[in-house]
Amino acid sequence: MEKEYNFREAESRWYECWEDSGCFLRSENPEGKSYTIVIPPPNVTGVLHMGHLLNNTLQDVLIRRARQDGYCAFWQAGTDHAGISLQVVVEKKLRKEGVDPNALSREEFLEHAYRWRDMHGNIILNQLKHLGVSCDFSKKVHTLDAAYARTVLTGFVEFFRKGLIYRGRRMVNWCPKSQTALSDEEVLMQMRKGKLYRMRYEIVEDPGSFIEISTTRPETIPGDVAVAIHPDDPRYRHIIGKHARRPFPEMEIPIIGDAVVLRDFGTGALKITPAHDSVDFAVAQRHGLAIIDVITADGHMNERTGPELCGLTREDAREKAVQMLQERGLLLAAEDYEHSVGISERSGVPIEPRLSEQWFLRYPCIELAKEAVRNGIIQFFPRRWEKTYLHWLDNIQDWCISRQLLWGHRIPVWYRRGCERLNPANLHVSVEGPADPENWEQDEDVLDTWFSSAFWPLGTLGWPDQDAMARHHFDFFYPTATLVTGPDIIFFWVARMIIMSLAFLKGDLEQTVPFRTVYFTGIIRDAQGRKMSKSLGNSPEPLDLIDTYGADGVRFGLLSIAPEGQDVLFDSARMEQGRNFCTKLWNACRFRFLQGKLEKAQAPAPEHISVEDEAILQGLSDLTEYQESAFRKYEFHSAVQRMEKFFRDDYCDWYVEVCKIRMRLDESKRAHILNFQDIILRHYLQLLHPFTPFITQELWCTMGYDDQEKFIQNVPLQRAEQLKQIANISEDNIAIVMELRESVAAIRAHKSSLGLASQTQLRAYYHSENRENAIKKHFPILCSLCGFEELIATKSLRGRPATLTPWGTFAVDVPNNTDHGQERARLQREIETLERNIATSEAKLNDENFLSNAPEKVISGAKILLGENRSKLIKTREVLESLRGIQK
RNA sequence: GGGCAGCUAGCUCAGCGGUUAGAGCAACCGGUUUACAUCCGGUAGGUCGUAGGUUCGAAUCCUAUGCUGCCCACCA
């Protein structure tokens with residue numbers, strides 16, 4: 001066994017071996033129970049970032065543990081075609097090469113896009129492999145695969161046939177940069193600084209009198225078709241029905257009354273621009289007003305705006321319009337104003353509400369989708385996201401699913417060539433397309449990428465093709481067990497997957513939901529709590545981290561700082577801690593390894609089991625039980641911390657140290673002692689395996705625990721109850737070990753406060769009232785761990801610096817010139833604390849109210865404590881008193 | 001405007017009605033008995049955001065309130 005663990009070498013070696021041996025392939029034992037996870041398909045345009053690291057570590061932890069627990073585990077791999085982002089990437093690349101993407105035909109552009117995808121599409125999955133992810137890559141699905149595309153198109157066609165998908169000319173969120181419609185979810189509301197302009201329009205019927213209007217968008221004046229005021233507003237009521245003079249292009253527009261107008265905002269009068277504002281659009285519909293579109297698809301003013309504005313960008317037009325108002329004496333004020341503006345999530349520019357012809361989905365199964373979560377058929381961790389989810393469903397609007405892009409699933413709708421598209425008789429909707437394609441032309445648009453991802457758990461398992469579903473064992477692997485994702489896509493993805501699945505599968509909710517549990521991770525932030533972003537440059541390179549700390553170290557570190565659903569403040573010190581822990585594990589195993597070869601693992605005979613063995617077994621069993629509950633509650637962060645604490649404090653620093661002494665004392669017990677160490681280590685490696693798969697696999701083999709099964713992930717994990725069967729654990733013995741540990745700790749602290757290292761060899765004295773036997777029995781261990789070259793029982797410890805332990809008072813023989821100042825101060829503090837606590841207890845026990853109201857258990861607990869503290873106080877005073885006789 | 005989190009040791013967090021509020025990191029003191037200095041032993045450090053209330057008892061429950069972050073929302 002090497003002195004140092006070479007994680008780089010071991011990790012690449014084992015990953016290759018796992019893949020070659022088919023370790024990650026789903027198993028299909030029809031007798032078994034399934035445990036399925038679908039990977040949130042990373043964008044083919046994406047590069048590995050910290051979020052992927054956390055997300056995929058968690059999934060890997062779950063799936064590996066599921067294998068250990070005997071499930072037929074299946075982790076579906078795949079990638080997303082990434083709609084708009086891929087198109088942007090390819091367009092950029094083409095421009096760089098001097099090709100104008102707009103000059104290309106659809107087919108030419110798609111050819112470039114497919115080529116780009118084929119070259120770069122698997123990069124991110126390959127990067128993930130460095131983390132140790134155990135997905136079944138042989139079943140990899142890409143959202144544009146032919147089979148998956150059939151899933152998506154079938155969904156569309158079915159919805160269309162049910163009348164849930166319809167085409168309509170409606171107000172949509174238009175992104176002038178990427179020139180496509182967006183769903184409401186793709187629009188981010190951001191506070192932007194701007195100006196609120198107050199201006200006045202002359203009232204046509206009353207020349208010389210004006211109505212004052214507030215607006216943030218004077219450039220849309222040419223699109224105004226009315227001025228609206230609240231019908232009950234006494235200031236304006238009388239002018240309803242009259243007309244205002246729109247300044248440019250000059251036109252008389254009606255003054256109307258509508259209750260949407262807020263009387264106390266601005267001037268209480270609202271200009272109505274139906275083509276560029278959804279509220280205004282609704283007003284126009286109600287009042288039968290014309291709609292004047294004044295902004296082009298790419299965000300410029302069109303010819304209807306008049307010669308001064310036509311051709312300007314929205315931003316330039318605003319300035320120009322303000323100037324024009326000023327020139328006409330119509331601008332009254334321009335106040336600084338901060339208001340929220342819709343921003344395109346992808347391109348970062350303000351979206352333009354725009355009237356256009358789009359495809360919409362009227363969401364089905366909304367009530368069912370709510371019920372599934374409300375009734376716990378789908379469980380959210382942390383639970384609080386339920387509210388967010390339900391609130392969204394309560395306020396859900398139809399989904400604009402068409403995108404004016406080339407890259408994606410083309411909408412499976414054909415129009416009869418040369419005929420009126422609006423006439424339903426001229427429509428063909430099907431997955432295969434019309435039988436006489438020469439007479440038809442297909443809709444130009446593609447589907448929103450999220451529309452296709454919504455089918456992920458269905459499509460990856462072959463739905464709706466019966467043969468494919470049989471091949472993929474749909475009935476066995478569906479529903480999936482756990483979805484691990486971020487709460488930022490709860491609407492984009494999680495809710496929509498639920499809706500699609502419920503809409504298309506028949507049966508009980510338990511069978512039709514896409515997953516039984518959703519675990520929402522937090523967002524990884526930098527040490528200052530800022531989001532990680534390219535522009536800030538605060539995001540570490542994941543592959544560098546893996547190279548520095550090892551995949552195991554990174555995984556362990558990430559898990560230890562990722563509490564359930566809370567944001568994670570990234571700190572590379574944690575990765576370092578993870579790596580150090582792996583080193584510690586290596587060294588501890590190496591120590592065992594150097595003691596001699598593993599004998600065939602055997603059940604230990606009762607007479608060979610020491611109290612320390614019992615105690616460590618109890619600790620391991622407790623740890624196992626804790627892990628079981630941590631996995632149920634998705635509390636990996638404390639699970640990992642407990643794993644480390646047990647190993648360092650209980651196993652290495654206590655148990656192994658005791659074992660060393662025991663082996664030194666009695667060479668004949670050596671084999672039994674080592675055998676027990678193997679029992680502990682073997683189980684511990686298994687318990688740790690989901691978190692740090694590489695090093696545990698490596699040690700599994702190195703230590704020779706692979707005699708039955710080479711791959712640790714396939715070895716059934718014993719439960720806490722089974723572990724306890726190994727030895728007859730007595731509570732008394734556990735208590736003795738506890739006392740021994742506490743005594744050693746107290747003596748070491750005592751020595752330390754005398755300025756002595758814990759291993760400095762000294763003569764020591766003790767006085768014990770009722771633990772003589774225990775001390776005698778553990779004499780060598782006690783002496784060795786405390787650094788006593790001699791330990792002498794005595795009646796009086798007077799004149800020697802002493803300390804209290806559960807086993808009695810211990811005094812060390814120190815040189816005459818030892819400084820006891822520190823020790824005296826320590827004892828003094830101890831006495832003060834005890835006095836304070838005794839006073840508190842006494843007050844409590846003298847309180848009638850406490851005695852009559854508190855439960856018996858609490859009262860007796862308080863009495864016991866008081867008694868203990870009183871006797872401790874007496875002894876501590878004695879110890880301090882004994883020091884008074886000493887000079888220094 | 002509505003909602004959801006968080007506020008506990010210098011930092012990151014645990015504890016969510018019952019003894020004297022814990023851990024890791026950082027700090028400080030001390031340590032090479034051959035598994036490990038990527039380590040070991042020890043020490044110090046907190047009126048639990050603020051103010052009220054309920055209770056024998058509150059970090060924990062209730063009511064206000066202050067910051068911090070996030071989500072939703074058609075005030076132009």
Side-chain angles (χ1 to χ4, degrees), chain A residues 1 3-5 189 196-197 213-217 228 260-262 264-273 277-283 337 339-340 353 382 384-385 387-388 391-392 395 487-488 490-491 523 525 527 529 553 560-561 563 565-569 571 573-574 576-577 579-595 637-638 641-642 644-645 648 652-653 656-657 660 744-745 748-753 755-761 784 787 822 826 833-834 836-837 840-841 844 847-855 857-859 861-862 864-866 869:
Chain A
M1 188 171 181
K3 188 163 164 58
E4 274 176 37
Y5 174 51
M189 298 309 283
L196 183 61
Y197 301 96
I213 301 166
S214 298
T215 184
T216 53
R217 300 200 61 191
V260 287
V261 182
L262 300 170
D264 51 1
F265 183 86
T267 61
L270 172 65
K271 71 190 203 57
I272 302 299
T273 322
D277 185 286
S278 54
V279 178
D280 294 8
F281 181 77
V283 173
Y337 185 59
H339 62 305
S340 64
R384 69 189 133 89
W385 294 109
K387 260 192 183 167
T388 310
H391 181 256
W392 184 74
N395 296 286
D488 50 332
I490 190 165
F491 312 136
I523 297 169
R525 299 169 177 281
S560 75
I561 51 174
Q566 284 202 42
D567 287 356
V568 180
L569 300 194
D571 187 351
R574 296 312 199 110
E576 194 180 336
Q577 211 180 321
R579 185 197 55 190
N580 293 353
F581 173 67
C582 291
T583 308
K584 181 77 181 171
L585 181 69
W586 181 263
N587 283 317
C589 287
R590 184 164 168 270
F591 173 73
R592 163 63 196 85
F593 182 86
L594 295 175
Q595 299 305 310
H637 128 100
S638 50
Q641 286 178 2
R642 257 212 62 179
E644 178 168 5
K645 199 170 165 48
R648 286 182 183 276
C652 293
D653 297 336
V656 172
E657 291 309 314
K660 284 181 187 172
V744 169
R748 284 173 171 175
H750 176 59
K751 287 177 77 173
S752 183
S753 79
L756 300 165
S758 56
Q759 61 271 61
T760 310
Q761 295 296 306
S784 178
Q822 239 188 16
R826 188 178 76 85
T833 306
L834 284 169
R836 216 170 26 242
N837 294 338
T840 309
S841 297
K844 207 183 243 183
D847 185 345
E848 274 306 317
N849 281 325
F850 175 70
L851 293 174
S852 54
N853 286 305
K857 216 171 68 188
V858 174
I859 296 172
I864 291 168
L865 183 72
L866 178 61
N869 280 341

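All figures in this text were calculated on a predicted structure; none of them were measured in a lab.
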> Return the nucleotide paired to B:rG49: Watson-Crick means purine N1 to pyrimidine N3 with N6-O4 or O6-N4, wobble means G-U with N1-O2 and O6-N3, both under 3.5 Å.
B:rU65
> Nearest whole angstrom, please: distance from the P of B:rC36 to the CD of A:E657.
11 Å
> Which whole number of Å gives the distance between the C1' atom of B:rG15 and that of B:rG52?
25 Å
> May I have the distance from A:Q577 (atom CD) to B:rA23 (atom P), rounded to whole angstrom?
15 Å
> Does B:rC70 pair with anything, Watson-Crick or G-U wobble, both distances under 3.5 Å, and if so, with which nucleotide?
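The answer is B:rG3, by the H-bond criterion.
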> Here's a test of your reading of the structure: between A:K645 and A:E4, which maps to the more 5' nucleotide of RNA chain B?
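First, find each residue's nearest nucleotide; the 5'-ward one identifies A:K645.
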> For A:I490 and B:rG3, what is the distance between atoms CD1 and P respectively, to the nearest whole Å?
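About 18 Å, once rounded to whole Å.
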> Does A:K387 get its side chain close enough to the base of B:rA5, under 3.5 Å, for a donor-acceptor pair?
no
> How far does the C1' atom of B:rU63 sit from the matching atom of B:rA21, given to the nearest Å?
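The answer is 25 Å between these two C1' atoms.
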> Identify the nucleotide, in any strand shown, that forms a Watson-Crick or G-U wobble pair with B:rA59, with both distances under 3.5 Å; if there is none, say none.
none
> Any side-chain heavy atom of A:C589 sitting closer than 4.5 Å to one from A:M1?
yes
> Which nucleotide in the set B:rA76, B:rU12, B:rA35 lies at the smallest distance from any side-chain heavy atom of A:T216?
B:rA76
> Side chain of A:K584 only, heavy atoms from C-beta on: which candidate in B:rA35, B:rG41, B:rC4 is closest?
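My answer, after comparing the listed nucleotides, is B:rA35.
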> Please give the nucleotide sitting opposite B:rC13 as a Watson-Crick or G-U wobble pair, both distances under 3.5 Å, or none.
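In the structure as shown, B:rC13 has B:rG22 as its Watson-Crick or wobble partner.
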> Expressed as a whole number of angstroms, how long is the span from A:R592:CZ to B:rA35:C1'?
12 Å
> Between B:rA5, B:rA76, B:rG42, which nucleotide has the shortest distance from any of its atoms to the side chain of A:R384?
B:rA5
> Quick one: A:I523 CD1 to B:rG6 P, roughly how many Å, whole number?
15 Å
> State, with a plain yes or no, whether a side-chain heavy atom of A:Y337 is found less than 4.5 Å away from one of A:T216.
yes
> Please check this pair: side chain of A:Q761 against backbone of A:Q759, looking for a donor-acceptor N/O pair closer than 3.5 Å.
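Yes, A:Q761 side chain to A:Q759 backbone: donor-acceptor pair under 3.5 Å.
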> Between the protein and nucleotides 28-31 of chain B, are there any N/O to N/O pairs under 3.5 Å, and if so, what are the atom names and distances?
unit_1	atom_1	unit_2	atom_2	d
B:rG31	O2'	A:Q759	NE2	2.9

> Determine: side-chain N/O of A:K660 to OP1/OP2 of B:rU34, distance under 4.0 Å, yes or no.
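No, A:K660 has no side-chain N/O under 4.0 Å of OP1/OP2 on B:rU34.
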> Should A:N580 be listed as having a side-chain N or O under 4.0 Å from OP1 or OP2 of B:rC39?
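Result: yes.
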> If we ignore hydrogens and angles and just use 3.5 Å, is the side chain of A:N587 paired with the main-chain N or O of A:T583 as donor and acceptor?
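Judged by distance alone, yes, a pair lies under 3.5 Å.
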> Checking contacts here: which listed nucleotide (B:rC71, B:rC74, B:rU38) is nearest the side-chain heavy atoms of A:F491?
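From the listed options, B:rC71 comes nearest.
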> Just name whichever nucleotide pairs with B:rG30, Watson-Crick or G-U, keeping both distances under 3.5 Å, else none.
B:rC40
> Just so I know, are the side chains of A:T388 and A:H391 near enough to count as touching, which here means a heavy-atom distance under 4.5 Å?
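Not touching, per the 4.5 Å side-chain cut-off.
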> Do A:V283 and A:V260 have side-chain heavy atoms sitting under 4.5 Å apart?
yes
> A:L594 versus A:R590: any side-chain heavy-atom pair under 4.5 Å?
yes
> Please round to the nearest 0.5 Å and tell me the distance separating atom CD of A:E657 and atom SG of A:C652.
8.5 Å
> Should A:W392 and A:I490 count as side-chain neighbours, where that means a heavy-atom distance under 4.5 Å?
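A side-chain contact is absent here, since even the closest heavy-atom pair is not under 4.5 Å.
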> Give the rounded distance in Å between these two atoms: CZ of A:R590 and C1' of B:rC39.
14 Å
> Within the sub-3.5 Å range, which N or O atoms of nucleotides 18-20 of chain B have a protein N or O partner, and how far apart are they?
unit_1	atom_1	unit_2	atom_2	d
B:rU20	O2	A:N837	ND2	3.2
B:rU20	N3	A:N837	ND2	3.3
B:rU20	O4	A:N869	OD1	3.0
B:rU20	O4	A:N869	ND2	3.2

> Pick the C1' atom in B:rA26 and in B:rG69, then give their distance to the nearest Å.
25 Å
> Counting side-chain heavy atoms from CB outward, which of B:rC40, B:rA35, B:rG69 is closest to A:R648?
B:rC40
> Determine the interatomic distance between P on B:rG2 and the same-named atom on B:rC48; round to the nearest Å.
31 Å
> Measuring only between side-chain heavy atoms, which start at C-beta, is A:F581 closer than 4.5 Å to A:R648?
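SC-SC contact between A:F581 and A:R648 confirmed.
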> At their closest point, which heavy atom of A:K271 faces which heavy atom of A:D280, and how far apart are they?
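In this case the closest contact between A:K271 and A:D280 is O-OD2, 3.2 Å.
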> Closest to the A:L270 side chain: B:rU12, B:rA76, B:rC72?
B:rA76
> Please report the distance, rounded to the nearest Å, between CD in A:Q761 and P in B:rU32.
13 Å
> Does A:I272 reach the side chain of A:F281, with side-chain heavy atoms less than 4.5 Å apart?
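Heavy-atom side-chain distance check fails, nothing below 4.5 Å.
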> Suppose you measure atom C1' in B:rA14 against the same atom in B:rU8; what distance do you get, rounded to whole Å?
10 Å
> Closest approach to the side chain of A:R748, judged atom by atom: which nucleotide of B:rG69, B:rG41, B:rA35 is it?
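Looking only at heavy atoms from C-beta outward on A:R748, the closest nucleotide is B:rG41.
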> Would you classify A:C582 as touching base, sugar-phosphate or nothing, given that sugar-phosphate means primed atoms plus P, OP1 and OP2, and contacts are heavy atoms under 4.0 Å?
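Answer is nothing: A:C582 stays at 4.0 Å or more from every strand.
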> For A:Y5, report the nucleic acid contact type (base, sugar-phosphate, nothing); a contact means any heavy atom under 4.0 Å.
nothing
> Working to the nearest 0.5 angstrom, can you tell me the gap between A:C582 SG and A:E644 CD?
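Those atoms lie 9.5 Å apart.
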> Counting side-chain heavy atoms from C-beta on, which of B:rA76, B:rA35, B:rC56 comes nearest to A:C652?
B:rA35
> I'd like the C1' distance from B:rU50 over to B:rC67, given in whole Å.
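Pairwise C1' distance, B:rC67 against B:rU50, rounds to 10 Å.
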> Identify whether any heavy atom of A:K3 sits under 4.0 Å from a base atom; if not, whether one sits that close to sugar-phosphate; answer base, sugar-phosphate or nothing.
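Touches sugar-phosphate only.
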> If you check every side-chain atom of A:D653, which of B:rA35, B:rC40, B:rU12 has the closest atom?
B:rC40
> Expressed in whole Å, how much space separates the P atoms belonging to B:rC25 and B:rA35?
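Nearest-Å result for B:rC25 against B:rA35 at atom P: 23 Å.
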> For atom P, what is the distance between B:rG30 and B:rC36, given to the nearest Å?
24 Å
> To the nearest Å, how far apart are A:E644 CD and B:rC36 P?
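Taking CD of A:E644 and P of B:rC36, I get 19 Å after rounding.
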